[in-house]
Amino acid sequence: MLEFAETYNAGRKTLFVDVILPLAIAKNYTYRVPFELNDAVAIGKRVVVQFGKSKLYTAIIAGISEHAPEKYEAKYLMDVLDEQPVVTDVQLGFWQWMANYYLCNTGEVMNAALPSALKLASETKIVLNKDYEIDRSGLNDKEYLIVDALDIQPELTVSDIAKLLGQKTVMPILKIMFEKNLIMISETVNERYKPRKRTYIKLNPIYQHDQMRELFEILEKRAPKQADVVLAYLNLSRGGKKVSKPDLIEASGASSAVIKALVEKEIMIAEDVNVSRLFFEGDNDPELTAVLSDEQENVLASIREQFEQKDVVLLHGITSSGKTQLYIKLIEEMIASGRQVLYLLPEIALTTHIIERLRRYFGESIGVYHSRFNDQERVEVWQKVLDGSYKIVLGARSSVFLPFADLGLIVVDEEHETSYKQFDPAPRYNARDAAIYLSALYQGKVLLGSATPSIESYYNAQNGKFGFAELKTRYGGVEMPQIEVVNIAEELKKKTMQSHFTSVLMDDMKQAIERKEQIILFQNRRGYAPVMMCKTCAFTPKCINCDVSLTFHKSSGKMHCHYCGYKEDSPTTCPACGSAHLEYKGFGTEKVEDELTVLMPEARIMRMDLDTTRAKNAFQNIMNDLEEKRLDILVGTQMVAKGLDFADVTVIGIINADSLLKYPDFRANERSFQMLAQVSGRAGRRGKQGKVVIQTYDPSHRVIQQVIDNDYAALYKNEIDERKSFKYPPFYRLIQLDIKHKDPDMLYQQAEFLGTELRKHFGDRVIGPEYPLVSRIRNFYIKTIMLKFERDADSLNKAKDIIRAVLLQFQTTKLSKGSLVQPDVDPY
DNA sequence: AGCACGCCGACT
DNA sequence: GTCGGCGTGCTC
């Protein structure tokens, strides 16, 4: 037998494959291909390999060679999972770029890129597919055994199943079972995406005229509450309007039980309809096919023309100017030419509403990719993008990883959104920037769209790196909001201020509440008061870990550090001199909320900042309350901007614009001027006039004037000029290096070491290590070093080399014990 | 990322 | 005397 095998295989080549493992490892590993799999291996296919003593992983073939590694004996790969590659060459190139650009390992990119069902590992947990009735007669022995076992024990790992079947390679079997919808990957993190529903109530159409009267008489006698509901319904539905359940409850004063009873009696019919959370661009015109305005036509022509020369065009279109319609036109043209389109949206904007509208328009060729979709759905989208049956993908940031065959256009909507940046696990990528690179790999085009572009994109457009187009008028006759600037100093003089509110803002708020409309108040500081100071000796409580003053939080009664989270009890007497004269300086959202409750006791007020949204779903819950009008006034920090798109939010108050216009910490206030512009441009839609009240001590401030004049060009120009002279200009690349250590002395030593190494080459372009501060989080001291760059690839690459070298040294010398956290690279 | 190997503190 | 803490190094 042996002889036969040798003879038989003599003419065959011995192949080796380099594979990417889904782990944070610096390099690819080489495995030997068993002869019988020689024909099966190809770049981009998945293989099963044993890594380490016992672990099995799904890896991706990144290269094939005939040369045996010299220094070690390669293990055999166990199996090839795919008939066709699941990852394209272009993607592999993209992964490589991303690992290099964001200083991480390809394995980490692979982890972010592939849905977990495509990377089964021995520890992956398998469950039965609950949505599927299993026909056991159609199962083979092994499948039967697995299904049986899963009936008894709902969750098994891949290695459990291997033990069960008494064989090592079970991945192919599981892969087939997965494709047959028999099993699923156990999902612990992803809740399944549920579209938001609203219940509409209507009267059973059998009740008309006489029947109606009869019904009403019966109800009035036997169930007066139900009669009230019917009456309220008739009132609300006048003119053929749809009536929602919450509206009906409010108008009739009945409980939902009463409505339930009516529905059970089939007098009324309940109907669940998917609703969107937010109203988006183009909402004012029901049909996306609507005729474009002259301005839109011109801008469209300009974008087309610029695409001849440039790969990226920035479309700056004010709110309600009809950007979406332009996207659709361009998407249509791209589809017609046979290429694929990726439409990127920030997570929050991916609602069933916009999905359905596009699906109605583009039919079955549109796929949606979303982190809240389960793995099945994600794999399905993956496959359909790969085989080309999806022409358009609408997705959040991770959709840049999909296996497009021929991507002609990427639309990045709301390009300024920070949620395009992945912060926590590596790769710490920004999908907008990654999209620009990705597009270049396909020789495609990118359209960045925003009502308030990011300063870096605007700068790129101004520099000629990107093309630029502008939509300046609202579409369909929607009014711009009225902006009123109120001088706080004057009102203080006239004594018309009530706490932090000017008479103008108070009046507008009262009127809005009378009209049953909503108000958003913006204050960019959380907590009650940012500084506490002793009136006698000027002592200020400071954080024991960080070099900042502590903020007083009334809700907890403690002093909080906003950098590291340290808390201590709020002192009643000065810890330094014992004086009882302690004073709060400045104010935050808590104080605004507090005083508003006193001034407007009837209003339903809610606060939205980091403190109130820390709990899971808290953000979403507040948004729902706002949407469903369970609150009148929302007070909050930057994050309230996400609620600005609700139709009934007509009054927006900026409590203190001055704090937005200073830059004590350039990163915290990176987009504050934009915030002002964003907030101002958005109040009021769907025929309702919006009003923005800007409270300030400095009404003639340049930025405020430019916001009033809606003069974005000047606003951005000034902003860019100003920041050119600033210590940390936004159009430099910044590399942020966090050094983490348990021992503060070592931390400083390491930080200095890195600083010195970098300074050898970059001199004063290295900011820090004194910037910004040391924080202590979970027993680790953390220090950040910043490095700024002109936008040239050479310096960036040089810096990366140094950082890599330092990383290596940290890992191999006595210096290490702490670590240099994966650097965060940002192309600001 | 896991996991084994290895060197110092508080326990039967 | 050992059990177990996590620091360090290795995985083709």
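Quantities reported herein were computed from a predicted structural model and do not represent experimental measurements. Proteins get letters first, then strands, A, B, ... in listed order; numbering begins at 1 in each.
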Exercise. Just how far, in rounded Å, is P of B:dG2 from CZ of A:Phe51?
Worked result: 12 Å

Exercise. Can you check the A:Leu56 CG to B:dG2 P distance for me, whole Å?
Worked result: 14 Å

Problem set entry | Protein-nucleotide distance (A:Tyr72, atom OH; C:dG9, atom P), rounded to Å | 20 Å

Problem set entry | Partner residues of A:Tyr57 under the ring pair (Phe, Tyr, Trp, His ring centres under 6.0 Å) criterion, sequence neighbours left out | none

For this session: Using the salt bridge (charged side-chain N to carboxylate O under 4.0 Å, His left out) rule, collect all pairs that involve residues 90-100 of chain A, keeping only residues at least two apart or in two chains.
Result: none

Exercise. Who pairs with A:Thr124 by side-chain hydrogen bond (donor to acceptor under 3.5 Å, both in side chains), at least two apart in sequence or on another chain?
Worked result: none

Run the side-chain donor-acceptor check on residues 29-43 of chain A: report pairs under 3.5 Å with partners two or more places apart or on a different chain.
| from | atom 1 | to | atom 2 | distance (Å) |
| --- | --- | --- | --- | --- |
| A:Thr30 | OG1 | A:Asp18 | OD1 | 2.7 |
| A:Tyr31 | OH | A:Gln50 | O | 2.7 |
| A:Arg32 | NE | A:Tyr76 | OH | 3.4 |
| A:Asn38 | ND2 | A:Lys13 | O | 2.9 |

Problem set entry | Parallel, tilted or perpendicular, as decided by the 30° and 60° cut-offs, for the rings of A:Tyr437 and A:Phe94 | parallel

For this session: Rounded to the nearest angstrom, tell me the gap between atom CD in A:Glu108 and atom C1' in B:dA1.
Result: 9 Å

For this session: Mind checking side-chain hydrogen bond (donor to acceptor under 3.5 Å, both in side chains) for A:Asn140 and listing every partner two or more places apart, or none if nothing turns up?
Result: none

So which protein nitrogen or oxygen atoms get under 3.5 Å of nucleotides 4-6 of chain B's nitrogens or oxygens?
none

Exercise. In residues 17-32 of chain A, which ones come under 4.0 Å of DNA chain C, going by heavy atoms?
Worked result: A:Lys27, A:Tyr29, A:Thr30, A:Tyr31

For this session: Please identify each residue that fulfils salt bridge (Lys or Arg N to Asp or Glu O under 4.0 Å) with A:Lys142, with sequence neighbours left out.
Result: none

Problem set entry | Whether A:Tyr420 side chain and A:Leu344 backbone form a donor-acceptor pair below 3.5 Å | yes

Exercise. So which pairs with a foot in residues 141-176 of chain A pass ring-ring contact (aromatic ring centres under 6.0 Å, His included), sequence neighbours left out?
Worked result: none

For this session: Tell me, please, which residues at least two apart from A:Glu179 pass side-chain hydrogen bond (donor to acceptor under 3.5 Å, both in side chains).
Result: none

Problem set entry | Distance in angstrom units between A:Glu70 CD and C:dC12 C1', rounded | 14 Å

Exercise. Mind checking what makes side-chain hydrogen bond (donor to acceptor under 3.5 Å, both in side chains) contact with A:Asn129, not counting sequence neighbours?
Worked result: none

For this session: Could you tell me the separation between the CG atom of A:Asn111 and the P atom of B:dG2, rounded to a whole number of Å?
Result: 9 Å

For this session: Within residues 37-50 of chain A, find the residues that approach DNA chain C with a heavy atom at under 4.0 Å, and present them sorted by residue number.
Result: A:Gln50

